[in-house]
Amino acid sequence: MEALGSPGPEVRGVVVFFTGRCWDCAVCSAREGSISWMSGTRAMPGLVVFGRRWAIGSDDFVLPGAFELFVRLVWIGILVLYAVRKGQFNCPGGGLLHSYLLGLLILLASIICALSALVYISMQGTISNPGPRKSLPKILYTRLLLYFPEFIWAVVGAVWVSDNSVQCEKTVINGIIVTVIASWIIIIFTVIGVVIVFDPLGGKKTFYLPDGVSRNLESSQSGQLLYNVKSSATRVWEKRIRLLCCCIVQDDDHRVAFTSIAELFRNYFSDTDLVPSDIAAGLILLHQEQDKMENCPKEPEEVLCHSPSSLVTDDLDVELENAAHYMLFAAAAYGWPYYVYTNPYTALCKLNGDCCRNRPTDSDITGSDRHNFHFGSILKITGLQYRDFIHISFHNKIYEIPFFVALDHKKEAIVVAVRGTLSFEDILTDLSADCEDLTLEDVLENGFVHKGITQAANYIYRKLINDGILNQAFTIAPEYKLVIVGHSLGGGTASILAIMLRNSFPTLRCYAFSPPGGLLSKSLADYTKHFIVSVIVGKDLVARLSMPNMEDLKRRIVRIVANCNRPKYQILLRGCWYEVFGGDPDDFPTELDGRSQDALRQPLLAEESLMVHRSPSYNALEEESHLNSPPQYPHLYLPGKIIHIVEECSSRRLCSSDIKYTARWSNETVFSSILISPKMITDHMPDVVLKALNSFVQVGRGAVGEAQGLQGQ
């Protein structure tokens with residue numbers, strides 16, 4: 001682990017600072033046994049109070065503090081209105097009421113003063129420059145101390161209200177009840193907030209490593225120290241994952257997956273010092289920067305992609321028609337959740353009509369399907385008959401995902417449809433993103449593939465071959481071709497399954513809808529271009545997900561956040577307005593403005609403080625090369641030939657229901673960077689993909705009808 005910057009002659013060692021997400025190295029100077037940070041090199045956005053780091057920044061108190069300040073001001077205004085009506089105190093228990101209200105007014109005034117100071121200080125500086133906010137912890141201590149008298153006063157108010165001897169007016173009693181409830185609500189929400197921002201590793205101390213030891217962090221005491229902290233971070237992530245998956249039965253496969261995923265998260269978050277709100281601000285800035293770049297004139301090669309030859313266009317039209325047809329099978333694999341989602345008003349009524357029917361004897365169904373809802377939904381979505389299904393599996397465990405095999409008489413194909421992500425087990429399969437070798441005889445020496453998805457493909461391969469499912473299907477329809485389809489996780493699994501079956505079925509075709517981006521190595525991706533077609537809609541996030549792309553996104557976030565000269569609350573407020581109402585992207589001033597090209601290639605000090613392991617070279621904003629990605633994350637790509645469908649709409653935020661799409665052949669480099677957009681999630685949804693594909697089929701049918709009409713004339 002290297003220190004940031006270039007060590008000067010006074011450098012004596014390295015300080016390793018262990019935080020909730022990172023173990024940071026920074027150059028320090030140790031004169032006469034003391035350790036001091038290099039001036040201006042460390043900006044710690046994570047707030048440090050009570051001797052530990054928290055998952056909140058010192059500039060995160062503006063918006064919640066302003067909201068609480070508004071509530072307190074309204075509260076104190078109402079109390080003053082009660083207090084001016086002194087006649088209401090002339091009742092049994094009125095003296096206690098008078099004292100209670102007086103004390104509450106004083107307490108609220110103190111809280112308002114503390115909140116005002118807290119909000120004002122939190123508004124100062126920028127994300128990477130917390131210097132103007134250095135006095136905030138003292139004000140925060142003061143505000144937290146005021147919770148104790150507020151708690152006591154809330155108890156006193158509750159006791160007074162519950163006292164039957166108090167016989168004041170009902171409006172007064174109701175006012176005190178509202179006051180007590182408001183106090184308890186604020187206290188409870190504060191406790192919840194503390195739990196949310198608590199960092200289990202925030203209490204780790206700062207260790208000083210001597211110069212000789214710092215040069216070999218993997219040896220002796222320093223190596224053991226680093227190993228212990230890494231193990232602690234992995235255990236924390238593993239506990240979080242276990243907590244999220246507490247509702248599923250956990251076996252050895254789950255435990256191995258938990259550890260693997262925990263190490264993945266630990267590695268990814270180990271070299272940054274950002275809190276969640278910093279990431280949100282970075283995503284907002286990146287989205288606006290990206291929109292600015294999209295408004296720029298396109299490069300010549302991009303224009304050529306929009307004007308393909310007639311032969312390519314004909315091929316594209318055929319594949320779009322096939323994709324629209326097979327997307328029904330991929331969507332049907334989701335079963336009743338998809339059918340209910342796309343038919344919210346009528347789905348349950350239609351499914352209830354089929355729930356009592358006996359399952360067909362001709363098809364082999366495994367797994368749980370209560371009330372026949374899954375199978376009934378598949379029938380209605382695909383339009384097939386009971387006798388058309390060879391095998392249906394609803395069995396779902398980690399690395400074992402549902403699929404079905406059916407006869408498609410319209411296209412004369414045996415279709416294997418693999419379900420996408422729909423359960424916690426599927427999410428664990430997605431997140432098992434380590435790479436493993438896939439060796440294919442007579443094809444390639446080896447290639448890298450996504451580990452979790454490959455294991456899911458192996459499971460289906462064994463079922464299809466060892467259990468004789470495909471033999472049974474081809475016995476019934478020997479002249480049919482084999483087609484494998486799937487969406488999302490199902491698309492990735494279908495792609496790897498197609499690679500495994502390619503030698504046995506040379507005419508095999510595969511349609512992968514919105515598959516994960518980090519799936520195949522370059523050699524395997526090129527090999528699959530002969531028999532796999534991937535369909536991507538818009539700015540789909542999943543199609544761009546890979547560890548190098550995530551590392552690139554992290555570097556872009558760190559760079560744009562560190563260079564922005566606006567306070568975080570302004571970024572968040574203006575960003576929310578932009579996301580909801582649109583308009584022109586804000587032109588936030590940055591430290592990049594006015595710098596020379598040579599200077600742009602070097603990281604700023606603020607950027608160094610937010611990201612420990614910087615890449616060897618820096619380019620201009622949003623132009624960093626993917627070649628600088630960490631070597632432990634090899635580049636993986638989308639499978640096969642890629643059809644990219646882009647939405648055309650005049651209004652970027654509020655589009656009409658009549659959406660138009662354009663489609664073109666694309667290549668894997670287009671998806672080598674994650675794009676920030678409000679539609680980065682919705683573009684991945686199966687109903688959106690199906691709608692986009694159907695729009696081309698309808699246009700094609702309309703054009704054919706128009707041509708036939710002209711010929712008739």
Side-chain angles (χ1 to χ4, degrees), residues 241 244-245 247-250 253-254 257-258 260-261 264-265 326-342 367-369 374 377-378 381 393-404 416-434 449-460 484-497 510-520 534-547 549-550 636 638-639 671 674 679-690:
I241 297 170
L244 289 175
C245 301
C247 59
I248 63 176
V249 179
Q250 300 178 7
D253 288 338
H254 288 84
F258 290 158
S260 175
I261 296 169
L264 182 71
F265 279 105
Y326 289 118
M327 181 60 202
L328 279 175
F329 291 84
Y334 285 100
W336 70 261
Y338 175 82
Y339 187 64
V340 172
Y341 174 72
T342 53
S368 175
D369 183 20
H374 276 307
S377 299
I378 293 174
I381 295 172
S393 173
F394 300 113
H395 171 75
N396 192 199
K397 288 178 58 179
I398 183 172
Y399 308 136
E400 299 176 5
I401 57 182
F403 69 98
F404 68 82
V416 179
V418 187
R419 197 190 75 180
T421 302
L422 197 62
S423 66
F424 278 113
E425 289 87 352
D426 298 334
I427 294 175
L428 294 177
T429 301
D430 285 317
L431 293 177
S432 298
D434 291 338
V449 289
H450 185 290
K451 177 182 177 180
I453 297 178
T454 301
Q455 293 192 31
N458 273 320
Y459 161 75
I460 299 178
I484 307 176
V485 302
H487 172 266
S488 189
L489 168 63
T493 306
S495 300
I496 297 179
L497 178 62
C510 174
Y511 289 89
F513 303 97
S514 307
L519 189 64
L520 306 174
S534 292
V535 179
I536 312 297
V537 175
K539 299 177 181 178
D540 185 354
L541 170 65
V542 176
R544 294 170 170 83
L545 273 184
S546 66
M547 290 311 300
N549 285 1
M550 290 296 294
L636 300 180
L638 288 166
F671 305 93
I674 294 176
K679 294 188 176 183
M680 61 195 299
I681 302 298
T682 57
D683 282 345
H684 181 71
M685 303 302 289
D687 60 312
V688 175
V689 178
L690 183 58

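All values below come from the heavy atoms of this structure, side chains included, with hydrogens, waters and symmetry mates left out.
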Closest contact, heavy atoms only, Ser488 versus Thr421: OG-OG1, 4.3 Å
Are Ile536 and Val689 close enough, and set up right, to give a side chain to side chain contact (heavy atoms under 4.5 Å, CB included), and what steps lead you there? CA-CA 8 Å; Ile536 312 297; Val689 178; over 6 Å; no
Set of residues satisfying ring-ring contact (aromatic ring centres under 6.0 Å, His included) with respect to Tyr339, sequence neighbours excluded: none
Between the CE atom in Met685 and the CG atom in Leu690, the distance rounded to the nearest 0.5 Å is 12.5 Å
Report the distance from atom OG1 of Thr682 to atom NZ of Lys539, rounding to the nearest 0.5 Å. 11.0 Å
Any heavy-atom pair between the side chains of His395 and Pro402 that's under 4.5 Å? no
By salt bridge (Lys or Arg N to Asp or Glu O under 4.0 Å), which residues pair with Arg544, not counting sequence neighbours? none
Would you mind reporting whether Ser377 and Tyr338 have side-chain heavy atoms less than 4.5 Å apart? no
Just verifying a value: how many Å separate Ile381 CD1 and Phe329 CZ, rounded to the nearest 0.5 Å? 11.0 Å
Donor on one side chain, acceptor on other, Tyr334 and His487, under 3.5 Å: yes
Are the side chains of Glu400 and Ser393 in touch, meaning some heavy atoms are under 4.5 Å apart? no
Answer with yes or no whether the side chains of Thr429 and Asp426 bring together a donor and an acceptor at under 3.5 Å. no
Audit row: Leu636, Leu519, side chain to side chain contact (heavy atoms under 4.5 Å, CB included) steps and yes/no: CA-CA 5 Å; Leu636 300 180; Leu519 189 64; 5.6 Å; no
So which heavy atom on Val485 is nearest to which on Phe513, and how close? CB-CE1, 4.4 Å
Using only heavy-atom distances, determine whether the side chains of Thr342 and Asp687 contain a donor-acceptor pair under 3.5 Å. no
Here the pair of heavy atoms bringing Ser495 nearest to Gly491 is OG-O, 2.8 Å
Beyond-backbone contact of Ser432 with Tyr399, side-chain heavy atoms, under 4.5 angstrom: yes
Do side-chain atoms of Asn549 reach the backbone of Phe671 as a donor and acceptor pair under 3.5 angstrom? yes
Taking atom CG of Asp540 and atom CE of Met680, what is their separation to the nearest 0.5 Å? 9.0 Å
Just checking, is any N or O donor in the side chain of Tyr459 or Thr493 under 3.5 Å from an acceptor N or O on the other one? no
Heavy atoms only: give me the nearest Asp430-His450 pair and the separation to one decimal. O-NE2, 3.0 Å
Please round to the nearest 0.5 Å and tell me the distance separating atom CD1 of Ile674 and atom OG of Ser546. 7.0 Å
Show your reasoning for whether side chain to side chain contact (heavy atoms under 4.5 Å, CB included) applies to Leu541 and His684. CA-CA 7 Å; Leu541 170 65; His684 181 71; over 6 Å; no
Rounded to the nearest 0.5 Å, how far does CD of Glu425 lie from CD1 of Ile401? 12.0 Å
Please step through side chain to side chain contact (heavy atoms under 4.5 Å, CB included) for the pair Val542 and Ser514, ending with a clear verdict. CA-CA 7 Å; Val542 176; Ser514 307; 5.8 Å; no
Heavy-atom distance under 4.5 Å between the side chains of Pro516 and Ile453, does that happen here? yes
Mind listing the closest non-hydrogen atom pair of Pro337 and His374 along with its distance? CD-CE1, 3.8 Å
Test item: Ser534 side-chain N/O and Pro639 main-chain N/O as donor-acceptor pair under 3.5 Å: yes
